Participant: 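My questions all concern the structure below.
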Amino acid sequence: MTITSPHLGSSKAWTDAQLLYALEEVVEKELNRHLKVAKDWMPHEYVPFSDGRNFPGIFDDGEAWAADQSKVTDIGKIALVVNLLTEDNLPSYHHEIASLFGRDGAWGTWVHRWTAEEGRHGIVMRDYLLTSRAVDPDKLEQFRMAHMAEGFESDNRHSMLHSVAYVAFQELATRVSHRNTGHQSGDPVCDRMLARIATDENLHMVFYRNLLGAAFELAPDLTMQAVRDVVVDFRMPGHGMPGFERAAAQMAIGEIYNMRIHHDDVIQPVLRFLKVMSIDGLGPEGAKAQEELGLYMDGLDSEASKFDEKLAARKARMAARDRA
């Protein structure tokens with residue numbers, strides 16, 4: 001970076017406004033890199049429209065929805081609804097990050113580009129679900145209305161650093177959830193669609209992860225504290241949707257997203273890439289946050305191991321029942 005600051009090495013002196021200004025060069029660099037590697041794609045090219053037919057309504061030939069009309073697995077249907085409803089709250093997400101990062105300069109360009117790319121995800125997933133008749137269209141719309149009517153307020157809206165840290169992990173979590181949903185869907189068309197979405201989410205993760213790395217260079221103590229807070233209190237943005245807890249439990253058992261996946265495939269890769277646990281030269285608060293982060297990760301790994309054991313036992317019981 002060419003910007004130097006008298007605050008370097010004194011994390012307590014940084015304000016959100018100063019960090020936004022100091023990181024804009026990095027944002028511009030990462031935005032240019034993103035635009036070079038990101039590939040435009042057409043949502044309609046991933047939807048089997050020829051499989052679709054009319055629903056009851058204004059069409060005389062409308063056919064009522066039935067649960068057996070789709071090849072998608074039960075766990076695939078549950079995860080697809082959760083993933084889509086999460087994407088549906090894009091207007092709220094845009095408001096949150098635009099309010100934090102601003103609408104001008106490189107930050108603003110990124111905010112709008114990110115929103116436009118994320119918009120494709122909801123478009124293609126809804127078109128696929130309706131065309132394939134994977135879920136009840138009336139209930140899906142009722143869920144969407146209920147979820148969006150509740151609105152969304154980020155747990156990290158109080159801090160620019162906390163927000164950057166959160167999205168670095170959350171974008172990877174979303175990528176993993178989409179990819180695993182595709183694998184478990186039972187439909188190659190769905191798998192290809194979600195693989196395409198997952199590619200976008202991975203690029204978004206790289207943008208935020210690299211930005212987080214730059215924040216560590218500028219304000220290591222504050223950034224370490226933000227990462228600790230975000231990791232310890234992490235929850236997915238769709239947590240407020242109807243029936244989320246039950247759906248999340250089913251997705252955990254279905255190995256789409258659970259504690260082991262969260263630890264191994266989401267949190268650890270970001271921490272490892274940024275070498276967070278080996279950063280030295282921290283002040284007292286930064287060192288304390290680093291230690292607490294390490295202890296939390298050890299505890300999470302232990303809880304994930306307990307979950308692994310329970311899941312293995314459940315699989316064994318089910319296999320024995322199938323053989324009987």
Side-chain angles (χ1 to χ4, degrees), residues 1-5 7-8 14-43 86-87 89-124 152 154 156-157 159-176 178-179 195-220 222-223 226-227 230 237 266 269-276:
M1 295 182 61
T2 60
I3 294 176
T4 58
S5 170
H7 302 292
L8 191 60
W14 284 103
T15 65
D16 276 5
Q18 290 168 337
L19 282 168
L20 285 167
Y21 175 76
L23 287 169
E24 179 136 14
E25 237 181 65
V26 181
V27 172
E28 184 174 5
K29 175 186 174 183
E30 289 301 315
L31 173 62
N32 290 334
R33 180 199 54 76
H34 177 84
L35 294 175
K36 287 180 180 178
V37 298
K39 295 181 179 179
D40 278 341
W41 55 279
M42 303 299 132
T86 300
E87 300 286 357
N89 245 344
L90 182 60
S92 290
Y93 307 149
H94 174 84
H95 172 75
E96 291 283 330
I97 66 171
S99 298
L100 271 169
F101 300 154
R103 295 172 174 83
D104 301 319
W107 281 105
T109 301
W110 166 253
V111 166
H112 296 305
R113 173 72 189 198
W114 174 86
T115 302
E117 292 184 3
E118 288 286 342
R120 290 182 178 139
H121 304 168
I123 291 170
V124 71
F152 173 80
S154 171
N156 303 289
R157 65 187 310 180
S159 161
M160 172 266 189
L161 275 180
H162 281 72
S163 296
V164 170
Y166 176 75
V167 289
F169 294 106
Q170 184 268 324
E171 292 283 3
L172 183 52
T174 304
R175 172 198 177 271
V176 169
H178 282 310
R179 200 69 193 94
R196 176 60 262 186
I197 293 175
T199 298
D200 280 1
E201 303 290 8
N202 196 64
L203 291 177
H204 297 164
M205 178 276 294
V206 171
F207 178 95
Y208 288 119
R209 183 196 64 191
N210 292 351
L211 191 57
L212 185 61
F216 266 115
E217 294 182 11
L218 283 174
L222 284 180
T223 306
V227 169
V230 163
V266 176
V270 175
L271 297 181
R272 186 165 52 245
F273 182 88
L274 296 177
K275 299 181 173 59
V276 171

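On a predicted model such as this, the values are computed, not experimentally measured, just so you know.
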Participant: Are Phe101 and Trp110 an aromatic pair by the rule of ring centers under 6.0 Å?
Facilitator: no
Participant: Do Phe216 and Val227 make a side-chain contact, defined as non-hydrogen atoms from C-beta onward lying under 4.5 Å apart?
Facilitator: yes
Participant: With heavy-atom distances below 4.5 Å as the criterion, would you say the side chains of Leu35 and Arg113 are in contact?
Facilitator: yes
Participant: Roughly how far, to the nearest 0.5 Å, is CG of Leu31 from CG of Leu211?
Facilitator: 11.5 Å
Participant: Report yes if some heavy atom in the side chain of Val26 is under 4.5 Å from a heavy atom in the side chain of Asn210; otherwise report no.
Facilitator: no
Participant: I'd like to check Pro237 versus Asn89 (side-chain heavy atoms, cut-off strictly below 4.5 Å). Are they in contact?
Facilitator: no
Participant: Using side-chain contact (heavy atoms from CB on, under 4.5 Å) as the criterion, list what pairs up with Pro91, not counting sequence neighbours.
Facilitator: Met148
Participant: To the nearest 0.5 Å, what is the distance between CG (Leu23) and CG (Leu218)?
Facilitator: 5.0 Å
Participant: What are the two closest heavy atoms between Ala168 and Val270, and how far apart are they?
Facilitator: O-CG2, 4.1 Å
Participant: Measure the CG-CE distance between Asp16 and Met160 for me, rounded to the nearest 0.5 Å.
Facilitator: 7.0 Å
Participant: Are Glu117 and His34 close enough that a side-chain donor and a side-chain acceptor fall under 3.5 Å?
Facilitator: yes
Participant: Indicate whether any N or O donor in one side chain lies under 3.5 Å from an N or O acceptor in the other, for Glu118 and His204.
Facilitator: yes
Participant: Dump the intermediate steps for side chain to side chain contact (heavy atoms under 4.5 Å, CB included) on Val206 and Phe273, then the final yes or no.
Facilitator: CA-CA 10 Å; Val206 171; Phe273 182 88; over 6 Å; no
Participant: Does any N or O in the side chain of Thr223 come within less than 3.5 Å of the main-chain N or O of Ala215, such that one atom is a donor and the other an acceptor?
Facilitator: yes
Participant: Kindly indicate, with the supporting measurements, whether the criterion side chain to side chain contact (heavy atoms under 4.5 Å, CB included) is fulfilled by His94 and Val111.
Facilitator: CA-CA 7 Å; His94 174 84; Val111 166; 3.7 Å; yes
Participant: State, to 0.1 Å, how close Leu19 and Ala219 come at their nearest heavy-atom pair, and which atoms those are.
Facilitator: CD2-CB, 4.3 Å
Participant: Do Arg33 and Phe207 come within less than 4.5 Å of each other through their side chains, counting heavy atoms only?
Facilitator: yes
Participant: Less than 4.5 Å apart, any side-chain heavy atom of Leu20 and any of Val27?
Facilitator: no
Participant: For residues Leu203 and Ala38, report the shortest heavy-atom separation together with the two atoms involved.
Facilitator: CD1-CA, 3.8 Å
Participant: Determine which pairs satisfy side-chain hydrogen bond (donor to acceptor under 3.5 Å, both in side chains) with at least one residue from residues 160-173, sequence neighbours left out, and list them in order.
Facilitator: Trp114-Glu171, Ser159-His162, His162-Asp229, Gln170-Thr174
Participant: Before giving the answer on salt bridge (charged side-chain N to carboxylate O under 4.0 Å, His left out), spell out for Lys39 and Asp200 the whole-Å C-alpha distance, their side-chain angles and the decisive distance to 0.1 Å.
Facilitator: CA-CA 9 Å; Lys39 295 181 179 179; Asp200 280 1; over 6 Å; no
Participant: Treating Asn202 as the side-chain partner and Ala198 as the backbone partner, does any N or O pair qualify as donor plus acceptor under 3.5 Å?
Facilitator: no
Participant: For the residue pair Arg120 and Trp41, what are the closest heavy atoms and their distance?
Facilitator: NE-O, 3.3 Å
Participant: When you compare the side chain of His178 with that of Glu87, does any pair of heavy atoms fall below 4.5 Å?
Facilitator: yes
Participant: Would Tyr208 and Leu212 satisfy side chain to side chain contact (heavy atoms under 4.5 Å, CB included), going step by step from the backbone distance to the final call?
Facilitator: CA-CA 6 Å; Tyr208 288 119; Leu212 185 61; over 6 Å; no
Participant: Between CZ of Arg209 and CZ of Phe169, what distance do you get to the nearest 0.5 Å?
Facilitator: 11.0 Å
Participant: Answer whether the closest heavy-atom distance between the side chains of Arg179 and Glu201 falls below 4.5 Å.
Facilitator: no
